[in-house]
Asker: 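Here it is: the structure, laid out below.
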Amino acid sequence: MDEILHEMHAWMHAYMRSYHTDDADVMLGIRLKEIHTGYVTANARALARHLGCTPHDTALAEIIGLFHDVGRFRQYAVYQTFNDAQSEDHAELGLKVIAEHDLLSELCAADTELVRFAIKYHNKKEIPACNDRRKIFFAKLIRDADKLDIYRVLLPFLSPDGADKAPKFVPSDAAQEVSPDFIADFAAGRQADYYRLRTHGDRKIVRLMWIYDINFVWTLRRIKSRGYIDAFIESLPPQAGIAEGVARMRAYVARRCGEEDKMELYG
């Protein structure tokens with residue numbers, strides 16, 4: 001697996017650089033995703049090791065992290081947005097890129113199917129029911145590794161001034177307020193639909209609500225200790241209903257961070 005990993009890293013490095021351009025606006029998004037890819041790959045590897053994965057499965061986690069956003073580069077080059085609803089689902093686009101370049105040809109059929117499953121569902125609202133516990137495990141792992149770094153990525157874009165510099169998560173002239181349906185979801189402690197994003201406030205609160213979709217205590221503790229939760233809460237506008245959601249979330253985080261990670265793999 002070491003040689004396969006080396007070849008995959010070399011290919012991904014060359015592929016990302018192939019999207020470099022003199023267009024500064026496009027390079028903002030491309031560079032952002034280059035850096036994100038590196039962090040998510042490292043997060044996936046570290047989480048797999050923490051959970052006691054075998055060297056083979058740790059390598060699979062690293063491969064999933066490396067390729068999870070391979071579709072983002074074509075997406076941003078073509079559409080100049082990271083909004084899937086306004087372009088293409090970037091996970092599905094990534095699977096097309098993987099197939100076109102036969103990137104998983106060195107893996108066995110079962111591992112190929114597992115990697116494709118984890119990438120396909122890394123960005124969905126939820127993972128569908130599946131009898132394959134390994135597939136579910138790796139889908140959960142990449143979702144955590146991805147979210148952990150997305151909080152870092154979004155920090156500079158939380159303020160109204162920062163929102164104008166964001167690489168088109170929502171239209172630059174969108175309102176700062178949170179839409180009423182998103183406030184209701186937040187107060188109830190439930191996930192919101194990414195495809196309903198309309199405002200900068202929606203963009204912030206939907207990511208904050210990802211806290212309820214973090215699978216491993218290892219990840220949640222890092223999100224909390226790095227100040228991401230506080231930063232997102234402080235960036236929200238003072239609207240009715242938000243305080244209720246904040247109180248619910250803080251209680252949830254305190255309870256979860258007091259737990260131990262379940263070390264049983266694939267459960």
Side-chain angles (χ1 to χ4, degrees), residues 25 28-29 32-33 36 72 76 79-87 89-90 122-127 143-144 146-217 219-259:
D25 289 336
L28 174 66
L32 183 150
K33 285 301 174 182
H36 172 67
R72 284 297 200 189
Y76 203 73
Y79 302 102
Q80 293 190 31
T81 184
F82 289 132
N83 188 322
D84 288 5
Q86 295 177 0
S87 55
D89 181 305
H90 74 275
H122 86 272
N123 67 327
K124 304 302 188 288
K125 185 177 178 181
E126 57 188 15
I127 305 168
R143 287 165 72 91
D144 270 33
D146 191 27
K147 288 180 175 67
L148 176 57
D149 190 60
I150 290 176
Y151 284 116
R152 177 197 62 81
V153 169
L154 295 179
L155 277 185
F157 307 124
L158 292 179
S159 68
D161 288 342
D164 291 336
K165 301 173 184 176
K168 300 180 177 63
F169 294 111
V170 294
S172 58
D173 59 352
Q176 295 296 326
E177 291 75 18
V178 182
S179 301
D181 49 341
F182 279 90
I183 292 178
D185 288 335
F186 185 49
R190 59 177 176 256
Q191 290 292 297
D193 191 344
Y194 175 87
Y195 282 87
R196 292 191 284 117
L197 287 179
R198 297 184 293 276
T199 73
H200 289 296
D202 296 348
R203 171 178 59 84
K204 297 173 188 176
I205 208 165
V206 75
R207 268 65 177 203
L208 189 57
M209 286 188 283
W210 279 350
I211 293 300
Y212 293 114
D213 193 42
I214 297 299
N215 297 289
F216 301 101
V217 175
T219 315
L220 187 58
R221 286 176 179 159
R222 278 155 180 75
I223 292 170
K224 181 177 183 293
S225 67
R226 294 173 187 178
Y228 298 152
I229 297 172
D230 288 339
F232 272 76
I233 287 173
E234 291 166 6
S235 76
L236 295 174
Q239 292 178 251
I242 287 181
E244 180 182 347
V246 168
R248 178 188 289 269
M249 177 164 288
R250 289 199 185 282
Y252 172 83
V253 170
R255 183 174 69 254
R256 282 288 318 274
C257 284
E259 299 173 356

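Here the structure is a predicted model, which is why all the values come from computation and not from measurement.
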Asker: In plain terms, say whether D230 and R250 are close enough for a salt bridge, that is, a side-chain N and a carboxylate O under 4.0 Å apart.
Answerer: yes
Asker: Do R256 and V217 have side-chain heavy atoms sitting under 4.5 Å apart?
Answerer: yes
Asker: I'd like to know if the side chain of Q239 and the backbone of V178 have a donor-acceptor N/O pair within less than 3.5 Å.
Answerer: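 Such a contact is found between Q239 side chain and V178 backbone.
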Asker: Would you compute the distance between atom CD1 of I150 and atom CZ of R143 and round it to the nearest 0.5 angstrom?
Answerer: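 If I round to the nearest 0.5 Å, the distance is 10.5 Å.
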Asker: Looking at side-chain heavy atoms only, is the closest gap between I211 and K224 below 4.5 Å?
Answerer: no
Asker: Evaluate the side-chain contact (heavy atoms from CB on, under 4.5 Å) criterion for residues I214 and R221: first the C-alpha distance (whole Å), next the side-chain angles of each, then the deciding distance (0.1 Å), finally the verdict.
Answerer: CA-CA 10 Å; I214 297 299; R221 286 176 179 159; over 6 Å; no
Asker: Give a yes or no on whether the backbone of T199 and the side-chain of D202 come within a donor-acceptor separation of less than 3.5 Å.
Answerer: yes
Asker: Does this structure show an ion pair linking R152 with D149, if we count only N-O contacts that are shorter than 4.0 Å?
Answerer: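 Salt bridge present between R152 and D149.
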Asker: So does W210 get a backbone contact from the side chain of K147, meaning a donor-acceptor N/O pair under 3.5 Å?
Answerer: no
Asker: Could you grab the distance from atom CD1 of I229 to atom SG of C257, nearest 0.5 Å is fine?
Answerer: 6.5 Å
Asker: Could you tell me whether the side chain of L28 reaches within less than 4.5 Å of the side chain of Q80, counting heavy atoms only?
Answerer: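 No, too far: nothing below the 4.5 Å cut-off.
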Asker: Classify the side-chain pair R72/Y76 by whether it contains a donor and acceptor separated by less than 3.5 Å.
Answerer: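 Result is no, nothing qualifies.
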Asker: Enter the distance from R190:CZ to R248:CZ here, rounded to the nearest 0.5 Å.
Answerer: 9.0 Å
Asker: Angle class for the Y151/Y228 ring planes (parallel below 30°, perpendicular above 60°, tilted otherwise)?
Answerer: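 Parallel, since the angle between the ring planes stays under 30°.
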Asker: Quick one: pull up CD1 in I242 and CD1 in I183 and give me the separation to the nearest 0.5 Å.
Answerer: 4.5 Å
Asker: Are the side chain of D144 and the backbone N or O of T219 linked by a donor-acceptor pair below 3.5 Å?
Answerer: no
Asker: If only atom types and distance count, is the side chain of K204 paired as donor or acceptor with the main-chain N or O of L158 below 3.5 Å?
Answerer: yes
